[in-house]
Each structure stands twice: as C-alpha cells, then as structure tokens.
Amino acid sequence: MEKNLKLAVGSDHGGAKLKNEILEYIKKELKDHSADDFGGSESVSSDYPDMAAKVCEKVASGEYDMGILFCGTGQGMAIYANKVAGIRAVCVTDPTVARFTREHNDANVLCIGGRISGFEIAADIVKTFIGTRFAGGRHQRRVDKINDREKR
Ligand code: RB5
C-alpha cells in the first residue's frame with residue numbers, strides 16, 4: 001500500500017454528509033494519508049462543477065496525489081472531472097471496481113454518490129482505491145492512448 005498520499009476532497013450539498021464521514025474515517029483509520037477539504041457543505045446548495053474544478057486542478061498540477069469527490073450520485077462530478085486534462089475520474093459503487101480501475105485505468109479521481117452509497121461501502125471503496133497501485137504493463141499502453149486523446 002502506498003503511504004503518505006495527499007488527497008484532495010470536495011463535494012456539493014448532495015455529497016457533503018458522506019464526505020464528512022469519509023474525512024473522519026481517513027483521519028482515524030487511514031492515518032498514513034492526509035486529506036484536505038476543498039469545500040461543499042450540506043446546508044448550502046452549491047454547483048458540483050465548482051468543487052470538482054478545485055479538486056481536479058490540485059490533482060492535475062501534481063500538488064495532490066488523488067482526488068475524491070462526492071455529489072448526490074457521483075455522476076456529475078465524474079463528468080466534469082473528466083474534462084480536466086490529466087484527470088481520469090471514475091464513479092464507483094463497489095470496492096471491486098475501485099481495485100480494477102486503479103490497477104487497469106490508473107484512475108486518479110474517485111467519485112462517490114452520497115445519495116447512493118452508504119458509509120460502510122464508501123469507506124471500503126476509498127480504502128481500496130487509495131491502497132491499490134496501477135499495474136502498468138499492457139495497461140500503460142492503454143492509458144497512454146487515453147492521455148493522447150487529450151492532445152488532439
Ligand atoms: C444536486 O441536487 C445533484 O444534482 C448533484 O448532487 C449530483 O447528483 C449531480 O450529478
């Protein structure tokens with residue numbers, strides 16, 4: 001498992017409750033890593049692209065290793081995040097996909113739906129996602145093709 005990963009985290013109002021629970025979980029159970037919150041609260045309605053932009057810019061610049069975004073479904077966050085160069089965002093609802101998308105796709109932004117996933121499954125998804133390394137090899141060639149597409 002990688003150590004000392006810097007995680008950029010954000011949400012809109014629809015994902016804020018689960019985000020806060022996961023921030024606590026990272027602090028207590030995943031102590032090797034650190035997470036900073038780039039905004040979004042349950043009590044103030046907000047637009048998910050605003051928080052996705054902040055988090056994705058931090059990851060794309062290399063200042064943070066990975067991003068975790070929460071909205072109602074996770075879908076809007078993922079759609080926005082994938083418009084940012086250098087971001088490979090995935091909306092995940094189970095830990096098996098979290099593992100394979102790290103191993104095969106080198107996904108660097110995880111999106112979770114606060115109205116879809118309960119805390120226990122979300123915590124498993126987060127732990128698996130940040131604890132799994134990209135496998136490289138034949139998968140590197142495929143990820144290179146994704147990255148090449150951004151240049152066109
Ligand atoms: C906000 O109501 C909701 O649309 C948002 O949280 C998200 O689910 C969008 O994808």
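As the structure is a prediction and not an experimental result, all values here were calculated from the model. Reckoned from all heavy atoms, side chains included, excluding hydrogens, waters and symmetry mates. Order of appearance sets the numbers: ligands from 1, and atoms from 1 within every ligand.
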### Summary
Nearest non-hydrogen protein atom to atom 3 (C) of ligand 1, with distance, is R115 NH1, 3.9 Å

### Query
Do ligand 1 and T73 have nitrogen or oxygen atoms that lie under 3.5 Å from each other?
yes

#### Entry: Closest protein heavy atom (residue, atom, distance) for atom 1 (C) of ligand 1
H13 NE2, 3.7 Å

### Task
Could you tell me whether the side chain of F70 reaches within less than 4.5 Å of the side chain of M51, counting heavy atoms only?
no

### Under 3.5 Å: N/O of G72 near N/O of ligand 1
yes

### Donor + acceptor pair across side chains of E24, N20 (<3.5 Å)
no

### Query
Do the non-hydrogen side-chain atoms of V9 and V55 ever get within less than 4.5 Å of each other?
no

### Message
Any nitrogen or oxygen of D12, side chain or backbone, less than 3.5 Å from one on ligand 1?
### Response
yes

### Query
Parallel, tilted or perpendicular for Y25 and F119, by the 30°/60° rule?
perpendicular

### Message
Looking at D148 and K145, is any side-chain nitrogen of the basic one under 4.0 Å from a carboxylate oxygen of the acidic one?
### Response
no

### Query
So is G76 polar-close to ligand 1, meaning N/O to N/O under 3.5 Å?
yes

### Query
What protein heavy atom is closest to atom 4 (O) of ligand 1, reported as residue, atom name and distance in Å?
Y48 CE2, 4.6 Å

### Message
Can you confirm whether K6 sits close enough to K58 that some side-chain heavy atom of one is under 4.5 Å from a side-chain heavy atom of the other?
### Response
no

